[in-house]
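In what follows, chains are A, B, ... by sequence order, proteins preceding strands, each numbered from 1.
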Number of protein chains: 2
Amino acid sequence: MTVAEDLINELPAVEVSVTPLDKFREYLQTRKKRLTTEKTIVLDEVFSDHEHFAAEEFVDRLSQRKDQRRVSRATIYRVLNELEDAGLLRKVARTDGRDVYEHDYGYPQHDHLICSKCKRLIEFAAEDISRIVEEVADRHGFRTTGHRLEVYGLCAECSRPPRRRNPKLDLL
Amino acid sequence: MTVAEDLINELPAVEVSVTPLDKFREYLQTRKKRLTTEKTIVLDEVFSDHEHFAAEEFVDRLSQRKDQRRVSRATIYRVLNELEDAGLLRKVARTDGRDVYEHDYGYPQHDHLICSKCKRLIEFAAEDISRIVEEVADRHGFRTTGHRLEVYGLCAECSRPPRRRNPKLDLL
DNA sequence: CTTCGTGCAAAACCTTTGCATTAAA
DNA sequence: TTTAATGCAAAGGTTTTGCACGAAG
């Protein structure tokens, strides 16, 4: 085994130094698309923090600005589509009539528990699910590119009964 | 084992004689809602055949009619929501910006393979998935009411390479 | 310079709603 | 006769698009 192979085997299955920006650049280059200021602003905003978000939240945040970092609604939607295409984002749900995105870079496959009451999204990793999905797909000659599993119900907090003060009342 | 128990074990887990109309009637009565001609027309159309459909398809089909069986767009949407509420329909996906419904009565839990090319929906039953979902939910103190699993990719037909005539060309 | 991207405003869509009218129960 | 339901048209909301202008390669 060479030193290089040895190194590769030691590393976790994540490409350490390739940032979202790097990946986006690569995507853009292969399509003769350009890396503009606006795209950079949206990218920064997307990967600065927000786990889950809807396009309109970015519109609120970015298209109101008075300074040089303003981006229009149309461009936000266009860039978001590009980022999805580039594999940096994916749609995970639809809440209140809006598509909800999440980061899809360097993330292991995972799915969501969606609380019907507080709308919270709880992530969980389930390799078992992916395995079963592949088995089923194989059986149908279906070539998968990915999946989305949404589990509906009430989160722990929202399903906890109120009135913890007087335990006896819980019997009613 | 009694004769009754024996019979139950033989029967499939479906309530045989309760029709969608019966179930809808029951739902309506408990809410002081009315069973109108329009609701009946939509119900008939929904359960006459169509496995998967979007609301707009029904609009095309029902709101164009010149006879007595015409139903307006608004009513179609309202009835569809009622049927979902009543547990007779459920949304299973979103295609081309439209919510896709399917029958949800007497059906065992199942999920879908969705072909990105031809948009076909292929159903599959996977008890394993439901089991894993419950395990995960339990671990998070999450109380589930259901789930939706969409698997994306290409169906057998759409992923079959074209040009079967000249096998040698396939090597290109 | 040439081509791609941005902003704006308007359009497209699906879905919901207010209101006057009609029809169940 | 009381109250819910329908149809219409319009509104609501998100997402997309045509076009003229501006910027990147």
Side-chain angles (χ1 to χ4, degrees), chain A residues 24-43 45 52-86 89-101 119, chain B residues 21 24-43 45 52-86 89 91-101 119:
Chain A
F24 194 35
R25 271 212 188 87
E26 183 191 315
Y27 164 85
L28 294 173
Q29 281 174 357
T30 65
R31 319 235 173 169
K32 293 201 177 64
K33 288 169 164 232
R34 292 168 186 174
L35 180 57
T36 63
T37 320
E38 289 81 2
K39 290 182 187 178
T40 308
I41 295 172
V42 174
L43 186 76
E45 190 70 19
H52 299 107
F53 61 88
E56 284 298 313
E57 294 171 29
F58 282 75
V59 174
D60 292 345
R61 213 172 296 133
L62 297 184
S63 74
Q64 312 298 338
R65 290 185 178 165
K66 302 297 180 203
D67 59 8
Q68 239 48 311
R69 293 180 61 78
R70 200 191 95 90
V71 184
S72 73
R73 157 181 272 106
T75 297
I76 290 174
Y77 275 92
R78 284 188 278 235
V79 176
L80 254 22
N81 281 333
E82 254 180 359
L83 290 175
E84 196 185 356
D85 241 48
L89 287 182
R90 60 172 195 151
K91 292 192 180 119
V92 281
R94 208 177 152 82
T95 307
D96 300 327
R98 297 167 163 196
D99 285 328
V100 177
Y101 288 94
K119 307 295 179 190
Chain B
L21 180 57
F24 194 37
R25 273 215 186 85
E26 182 191 315
Y27 164 85
L28 293 173
Q29 282 175 357
T30 65
R31 320 238 171 163
K32 291 201 178 62
K33 288 168 164 237
R34 292 168 187 175
L35 180 58
T36 63
T37 321
E38 289 80 2
K39 291 182 187 178
T40 307
I41 294 171
V42 175
L43 186 76
E45 191 69 19
H52 300 106
F53 61 88
E56 285 298 312
E57 295 171 28
F58 280 76
V59 174
D60 292 345
R61 213 173 295 133
L62 297 183
S63 74
Q64 311 298 339
R65 290 184 178 167
K66 301 299 178 200
D67 59 8
Q68 239 48 315
R69 293 180 62 79
R70 199 189 96 90
V71 184
S72 73
R73 155 180 274 108
T75 297
I76 290 172
Y77 275 91
R78 284 189 279 235
V79 176
L80 253 24
N81 280 333
E82 253 180 359
L83 290 174
E84 195 184 356
D85 241 48
L89 287 182
K91 292 191 180 119
V92 281
R94 209 177 149 81
T95 307
D96 300 328
R98 298 167 163 194
D99 285 328
V100 177
Y101 287 95
K119 308 296 179 189

Output the distance between atom [atom1] ([X]) and atom [atom2] ([Y]), rounded to the nearest 0.5 Å.
X	Y	atom1	atom2	result
A:Leu35	A:Phe24	CG	CZ	7.0 Å
A:Arg69	A:Glu38	CZ	CD	10.5 Å
B:His52	B:Lys91	NE2	NZ	15.0 Å
B:Glu84	B:Asp99	CD	CG	8.0 Å
B:Arg25	B:Leu28	CZ	CG	9.0 Å

Using atom [atom1] of [X] as one end and atom [atom2] of [N] as the other, report the distance to the nearest whole Å.
X	N	atom1	atom2	value
A:Lys39	C:dG5	NZ	C1'	7 Å
B:Arg98	C:dC13	CZ	P	9 Å
A:Leu62	C:dT6	CG	C1'	14 Å
B:Gln29	D:dT3	CD	C1'	17 Å
B:Ile41	C:dA24	CD1	P	11 Å
B:Phe58	C:dT15	CZ	P	13 Å
A:Ile76	C:dA9	CD1	P	15 Å
B:Arg94	C:dC13	CZ	P	14 Å

Of A:Thr37 and B:Arg70, the one whose closest DNA chain D nucleotide lies more 5' = B:Arg70

remark   = Of B:Val71 and A:Arg34, the one whose nearest nucleotide on DNA chain D sits closer to the 5' end is B:Val71

query = What's the closest nucleotide to the B:Asn81 side chain, out of C:dC8, D:dT15, C:dT16?
reply = C:dT16

note = Of the candidates C:dT15, C:dG7, D:dA5, the side chain of B:Thr36 sits closest to D:dA5

task = For B:Lys91 and for B:Leu35, locate the closest nucleotide of DNA chain C by heavy-atom distance; then report the residue assigned to the nucleotide nearer the 5' terminus.
result = B:Lys91

message = Reading DNA chain C from 5' onward, which residue's closest nucleotide shows up sooner: B:Asp96 or B:Lys33?
response = B:Asp96

key: Sugar-phosphate, base or nothing in reach of A:Ala55, heavy atoms under 4.0 Å   = sugar-phosphate

inquiry  = Categorize A:Glu38 for me: base, sugar-phosphate, or nothing, with a 4.0 angstrom heavy-atom threshold over every strand shown.
reply    = sugar-phosphate

Polar pair under 3.5 Å, donor/acceptor by atom type, side chain A:Arg73, base D:dT15 = no

key: Distance-only donor-acceptor test (3.5 Å): side chain B:Arg78, base D:dG7   = yes

key: Phosphate contact (C:dT15 OP1 or OP2) by B:Tyr77 side-chain N/O below 4.0 Å   = yes

